[in-house]
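All heavy atoms count here, side chains included; hydrogens, waters and symmetry mates do not. When a ligand or atom number is given, it counts from 1 through the structure's own listing order. If you read the sequence from its start, that first residue is 1, and numbering goes on from there. Note that the coordinates shown come from a computational prediction; the quantities given were computed from them, not determined experimentally.
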Amino acid sequence: MSVAPVPPPESTESESTESDESAYDRTRLRQWRRGLARSAGVERRDLLRLFATAAAAGPLAAAAPGTARAASRAPANPANPAAPAAPGAAPGIVKPLPSEVFTIRGTNAETNFAALRTTGPLTPASHFFVRNHTVTPRIDAAGWTLRIWGSGLRGGAVDFGYDELRALPSVTRTAFIECAGNGRSHYATQQNQPVSGTAWTLGAIGVGRWRGVRLAEVLRRADLSPDAVDILPRGLDDEVISEGTNLGRVRRPLPVAKALDDVLLAYELNGEPLPPDHGYPVRLIVPSWVGIANIKWLGDIEVSAEPLYSPWNTTLYRLFGAGYPPEGSAPLTRQTLKSAFELADGATVAAHRPHVLTGRSWSGGAPVRSVEISTDGGTHWRRARLHDAPRRGSWVRWSAEWTPGGPGPALLLARATDSSGQVQPEVAVHNTQGYLFNAVVRHRVTVV
Ligand SMILES: Nc1nc2c(c(=O)[nH]1)N[C@H]1C(S)=C(S)[C@@H](COP(=O)(O)O)O[C@H]1N2
Ligand SMILES: [Mo]
């Protein structure tokens, strides 16, 4: 059977820096169409149905406002549906969620950027956003093992216990975790384009210092075959039910090339064992890629000599909409360039007094080189002072002085440029699920 080549997706930051990854994915799509790929635990029929749903921009876009509203409503307690969630608690999140620090969005907790003003370059675990598809599982490390198995190994399955992993050579690295949908609500609020999914503002990001074992080390010890092409890490949290379809447990394939490059099996965050909400005992850290790649509460990793698929790399975490092929863009990889003020939306600021505006800029691509801010809605721009050296995997903190004039509304903007010359645009290219928002955010404040 002859297969038409899949057109390359609209150029975005994620693909332009990852040409070999998009080539990899085009091969995957061709194989998928030929039916060579296994559907990794979901009935192929269901995947195709979901696929068709995600590709149809109309119904998703129409469903969006309701979804966004539902997601920001106070959640019920899933353990006891009759009981309302305690104030400051989201269902299934273990750590305290004080309202100064977090905004609850369904099963998730977004970090309020204003609460980062007093934190350093690393996000304390107490302030780190939580994105849970279901609920945080409580896992006993003593009885836990990580199973590595599949056709991409030369031999049979290999199990690693918690102490065994901790005894292997370790590495420590700083990396952010950022949800692919971070900033999503701004498609609706400043571009009038409804999208589906959790209505994050800009706080679905945290920067951690992660310690763990290189995945490459563990794969080598499990006797990785040169034929391996994909790995499929899977979480131990509950199966995800979406619109009546059981998608199974959270899992997203990762190309072996990335798995062998800089991926960690992490067991520490900022010098402490991983907190339950962030993947205890062990999670994956996939530097600079979208949050979903960083599978929490790892239970097993399939290593495959054939390409693998799950809902998380087919109907989800691809770009759908005008300008994208019907099967969507390549699966999302790198995060985009963003900036945020450490200030509440709609904050009040005293007139005629000097203020220090602070914020952060970051990217999954090239490091942030400079940041400009405007306090008059974009008419005048000036350079912010950078407080960190540009580096991959982290954000750059910045500040600028501002003495507001008379009372009234004011519009603050922050715009970052990365070291490859990319600048945050005024408008982000729309996609139905609202991923990879990268435009300058219009931050309203009131001068009083
Ligand atoms: N097992 C499992 N892993 C997961 C998820 C999940 O729900 N279950 N959520 C993913 C998503 S969408 C994101 S953005 C990050 C969030 O990591 P955090 O909650 O530690 O901030 O974890 C990813 N890993
Ligand atoms: Mo996410």
N/O pairs closer than 3.5 Å, ligand 1 and protein:
residue	atom	partner	partner atom	Å
ligand 1	1 (N)	D237	OD1	2.9
ligand 1	1 (N)	D237	OD2	3.3
ligand 1	1 (N)	K296	O	3.0
ligand 1	3 (N)	K296	N	2.9
ligand 1	7 (O)	H133	N	2.8
ligand 1	7 (O)	H133	ND1	2.8
ligand 1	8 (N)	D237	OD2	2.6
ligand 1	9 (N)	R131	O	3.3
ligand 1	17 (O)	R283	NH2	3.1
ligand 1	19 (O)	R131	N	3.0
ligand 1	19 (O)	K296	NZ	2.6
ligand 1	20 (O)	H278	ND1	2.7
ligand 1	20 (O)	R283	NH1	2.7
ligand 1	21 (O)	F129	O	2.7
ligand 1	22 (O)	R283	NH2	3.4
ligand 1	24 (N)	N294	O	3.0

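- Residue pairs meeting the salt bridge (charged side-chain N to carboxylate O under 4.0 Å, His left out) criterion with at least one partner in residues 284-297, sequence neighbours excluded, do not occur; the list is empty.
- Residues F437 and Q190 are in side-chain contact: their nearest non-hydrogen atoms beyond the backbone lie under 4.5 Å apart.
- The six-membered or imidazole ring of Y435 lies near that of Y317, with a centre-to-centre distance under 6.0 Å.
- Side-chain contact check for I205 versus I177: every heavy-atom pair is 4.5 Å or farther apart.
- Ionic pairing of R234 and E302 is not present here: no N-O contact between side-chain nitrogen and carboxylate oxygen is shorter than 4.0 angstrom.
- Distance check, rounded to the nearest 0.5 Å: CG of L254 to CG of L284 gives 6.5 Å.
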